[in-house]
Novice: 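Pasting a structure here, questions to come.
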Protein chains: 2
Amino acid sequence: MTVEVLAHIADPNAKPAGRIRQKNEQAIIKAAEDEFAKHGFKGTSMNTIAQSVGLPKANLHYYFSNKLGLYQAVLVNILELWDNSFNTVSVEDDPAAAIARYIRAKMEFSRRHPKASRIYAMEVISGGEHLSQMLDQDYQAWFRGRAAVFAAWSAAGKMDPVDPAHLIFLIWSGTQHYADFASQICRVTGRSRLVKADYEEATEQLITIILKGCGLTPPAKDA
Amino acid sequence: MTVEVLAHIADPNAKPAGRIRQKNEQAIIKAAEDEFAKHGFKGTSMNTIAQSVGLPKANLHYYFSNKLGLYQAVLVNILELWDNSFNTVSVEDDPAAAIARYIRAKMEFSRRHPKASRIYAMEVISGGEHLSQMLDQDYQAWFRGRAAVFAAWSAAGKMDPVDPAHLIFLIWSGTQHYADFASQICRVTGRSRLVKADYEEATEQLITIILKGCGLTPPAKDA
DNA sequence: GTCTATAATAGGATAGAC
DNA sequence: GTCTATCCTATTATAGAC
């Protein structure tokens with residue numbers, strides 16, 4: 001996905017970035033992520049963000065044209081975090097190794113950036129209107145390209161003939177769940193929070209089930 | 001899960017239900033679901049709900065003590081919709097048939113009640129504080145009981161020794177995804193909306209992958 | 001660049017006429 | 001039971017002093 005090109009969407013009248021500006025913008029965005037992750041776009045107030053950064057709310061409007069501009073900056077920030085290793089997977093690669101690596105990368109993202117995952121989830125649940133401006137056309141093309149790789153593997157008899165789209169959705173949902181639904185996982189398992197070991201265990205279980213489910217044998221050891 | 005007992009939480013000063021009251025309350029709840037599913041608790045305004053029902057907003061406060069009371073009524077409504085067939089699954093049952101049936105039930109819920117699923121998802125992503133009052137203690141016990149059934153199947157050699165909790169999370173996330181992330185599925189696949197056939201295809205794919213992933217053979221035909 | 005003060009509006013909630 | 005009018009607070013956003 002080409003994300004750099006879209007940075008201007010976040011703030012059309014963006015001023016040249018001085019040192020102070022860059023630092024403050026990042027601080028505001030970081031605080032904004034906390035709120036957006038908990039309450040979504042509509043449910044978040046500039047006031048709360050301002051208090052969280054320790055800045056008067058007028059400053060937020062100095063750095064970002066308005067609430068929507070700040071939100072879009074946060075979204076762009078998230079899209080830039082996304083792991084792109086899956087983009088380069090090709091038909092020549094080993095399916096089992098490639099899928100295992102992708103699951104690992106997605107789960108690592110859930111562990112390291114749970115708030116980013118939640119903001120994205122809330123945005124999609126809300127209809128994803130703010131995202132459509134950012135990734136409409138080439139996102140669909142990207143998805144088709146990735147699905148084609150799975151289809152080619154199946155056609156070559158390297159894996160079961162599973163529907164590529166549904167397999168990708170299963171990988172997405174299964175990994176994102178550990179970020180988005182962490183509060184529920186904690187509740188039903190009696191944990192206070194998820195630690196690294198929990199994510200590692202989940203990763204191995206997901207890889208085991210999904211690879212076998214596609215008729216694949218897990219790679220002997222991860223590289 | 002014992003849900004009926006908790007109905008009083010939704011509105012402690014609930015008045016006896018007359019015909020008009022019951023009808024209006026349902027109309028309000030229905031309209032509220034639309035908004036809560038799109039914007040979560042904080043992001044939803046009573047005003048918007050009132051306009052959607054075609055009632056002055058003072059009426060909403062007549063029927064529900066306040067915004068929180070209305071939200072909790074919506075949540076209770078959702079919990080009552082939940083499929084309970086999984087509760088009665090026991091060690092004696094056939095794992096493949098039971099898991100396939102559960103996936104089918106969960107996916108059917110996503111198809112028939114996508115808004116309920118989204119409200120629940122938003123609530124969990126937001127931290128799930130409003131849910132904890134409703135199902136804290138026995139929810140954990142319920143989960144442990146269900147996980148124990150999977151563990152017993154594994155111990156009896158009826159299926160692979162997968163971690164029950166992670167398997168359940170995979171079933172939950174994989175099925176709920178088609179409700180919560182429908183907007184994204186539509187975007188990447190170029191659909192305008194998901195139809196029954198899409199859900200049926202997804203159901204079969206999920207059952208195929210997950211059953212095989214657990215070392216199970218799909219039941220010949222569904223009952 | 002930063003902040004106080006303030007405008008303008010939307011939000012939740014209630015009083016009280018009907 | 002129903003609705004208008006209203007209160008008060010929170011919210012987005014801006015003006016303008018420093």
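Bear in mind the structure is a predicted one, so any value in this text is a computation, not a measurement. Each chain gets a letter, A, B and so on, in the order the sequences are listed, and its residues count up from 1.
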Novice: Measure CG/B/Leu70 against P/C/dA13 and give the value in whole Å, please.
Specialist: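 Computing the B/Leu70:CG to C/dA13:P distance gives 10 Å.
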Novice: With the side chain of A/Lys67 defined as its heavy atoms from C-beta on, choose the nearest nucleotide among D/dT4, D/dT2, D/dA13.
Specialist: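 Selected nucleotide: D/dA13.
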Novice: What is the distance from CZ of B/Arg21 to C1' of D/dT2, rounded to the nearest Å?
Specialist: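 The distance from CZ of B/Arg21 to C1' of D/dT2 comes to 12 Å, rounded to the nearest Å.
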Novice: Ignoring the backbone of B/Pro56, work out which of D/dG1, D/dT4, C/dC3 is nearest its side chain.
Specialist: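 My answer, after comparing the listed nucleotides, is D/dT4.
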Novice: Can you tell me if the side-chain N/O atoms of A/His61 get under 4.0 Å from OP1 or OP2 in D/dT14?
Specialist: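 Looking at the OP1 and OP2 atoms of D/dT14, neither is under 4.0 Å from any side-chain N or O of A/His61.
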Novice: Is it true that A/Arg111 and A/Glu108 make a salt bridge, defined as a side-chain N closer than 4.0 Å to a carboxylate O?
Specialist: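 Counted as a salt bridge, because a side-chain N and a carboxylate O are separated by less than 4.0 Å.
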Novice: According to a strict under-4.0 Å criterion, is A/Asn66 in side-chain N/O contact with OP1 or OP2 of D/dT12?
Specialist: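 For D/dT12, OP1/OP2 do not have a side-chain N/O of A/Asn66 under 4.0 Å.
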Novice: Atom NZ of residue position A/Lys30 - does it have more than 12 heavy atoms of other residues, nucleotides or ligands inside 6.0 Å?
Specialist: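 Check fails, neighbour count at 12 or below.
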Novice: Between atom CD of A/Glu33 and atom OG1 of A/Thr44, what is the distance when rounded to the nearest 0.5 Å?
Specialist: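 Result: 11.5 Å between the selected atoms.
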Novice: If you assign each of B/Lys57 and B/Gly54 to its closest nucleotide in DNA chain D, which residue comes earlier from the 5' end?
Specialist: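 The residue closer to the strand's 5' end, by nearest nucleotide, is B/Gly54.
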Novice: Please check the phosphate of C/dT2 (OP1 and OP2 only) for any side-chain N or O of A/Asn24 closer than 4.0 Å.
Specialist: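 Indeed, a polar side-chain atom of A/Asn24 lies that close.
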Novice: Rounded off to whole Å, could you give me the CG-to-P distance for the B/Leu60 and D/dT2 pair?
Specialist: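 Spelled out: CG on B/Leu60 to P on D/dT2 is 12 Å.
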Novice: Quickly work out the B/Gln51 CD to D/dC3 P distance and round it to whole Å.
Specialist: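 It works out to 15 Å between those atoms.
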Novice: Look at A/Lys38 together with B/Glu129 and state whether they make a salt bridge at an N to O cut-off of under 4.0 Å.
Specialist: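 So A/Lys38 pairs with B/Glu129 through a salt bridge.
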Novice: Of all the choices, D/dT2, C/dT2, C/dT14, which nucleotide is nearest to the side chain of A/Tyr63 once you look at every atom?
Specialist: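 Of all the options, the side chain of A/Tyr63 is nearest to C/dT2.
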Novice: Contact list please: residues 36-49 of chain A against DNA chain C, heavy atoms, distance less than 4.0 Å, in numerical order.
Specialist: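 None - not one residue of the stretch has a heavy atom sitting under 4.0 Å from the strand.
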Novice: Could you tell me whether B/Arg104 and B/Glu204 have a side-chain N and a carboxylate O separated by less than 4.0 Å?
Specialist: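 Looking at B/Arg104 and B/Glu204, the cut-off is met.
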Novice: Quick one, A/Leu135 with B/Arg187, criterion side-chain contact (heavy atoms from CB on, under 4.5 Å). Give me CA distance, side-chain angles, the key distance, then yes/no.
Specialist: CA-CA 10 Å; A/Leu135 33 73; B/Arg187 172 165 305 134; 4.3 Å; yes
Novice: Please report the distance, rounded to the nearest Å, between OH in A/Tyr62 and P in D/dA15.
Specialist: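 About 15 Å, once rounded to whole Å.
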Novice: Going through the distances and angles, do A/Asn77 and A/Leu81 end up as a side-chain contact (heavy atoms from CB on, under 4.5 Å)?
Specialist: CA-CA 7 Å; A/Asn77 232 26; A/Leu81 281 175; over 6 Å; no
Novice: For B/Phe64 and C/dT14, give me the distance from atom CZ to atom C1', rounded to whole Å.
Specialist: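 It is 18 Å, rounded to the nearest whole Å.
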Novice: To the nearest 10 degrees, how far apart in direction are the end axes of the helix from C/dG1-D/dC18 to C/dC18-D/dG1, each fit to five base pairs?
Specialist: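 The helix from C/dG1-D/dC18 to C/dC18-D/dG1 shows an end-to-end axis angle of 0°.
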Novice: State, without any angle test, whether B/Ser85 and B/Asp83 hold a side-chain donor-acceptor pair at a distance under 3.5 Å.
Specialist: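 Side chains of B/Ser85 and B/Asp83: pair found under 3.5 Å.
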Novice: Whether A/Lys115 and A/Asp34 form a salt bridge (side-chain N of Lys/Arg under 4.0 Å from carboxylate O of Asp/Glu) is what I want to check.
Specialist: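 Answer for the salt bridge query: yes.
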Novice: Send over the distance from B/Asn59 CG to D/dA5 P, rounded to a whole Å.
Specialist: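 Interatomic distance, CG of B/Asn59 to P of D/dA5: 15 Å.
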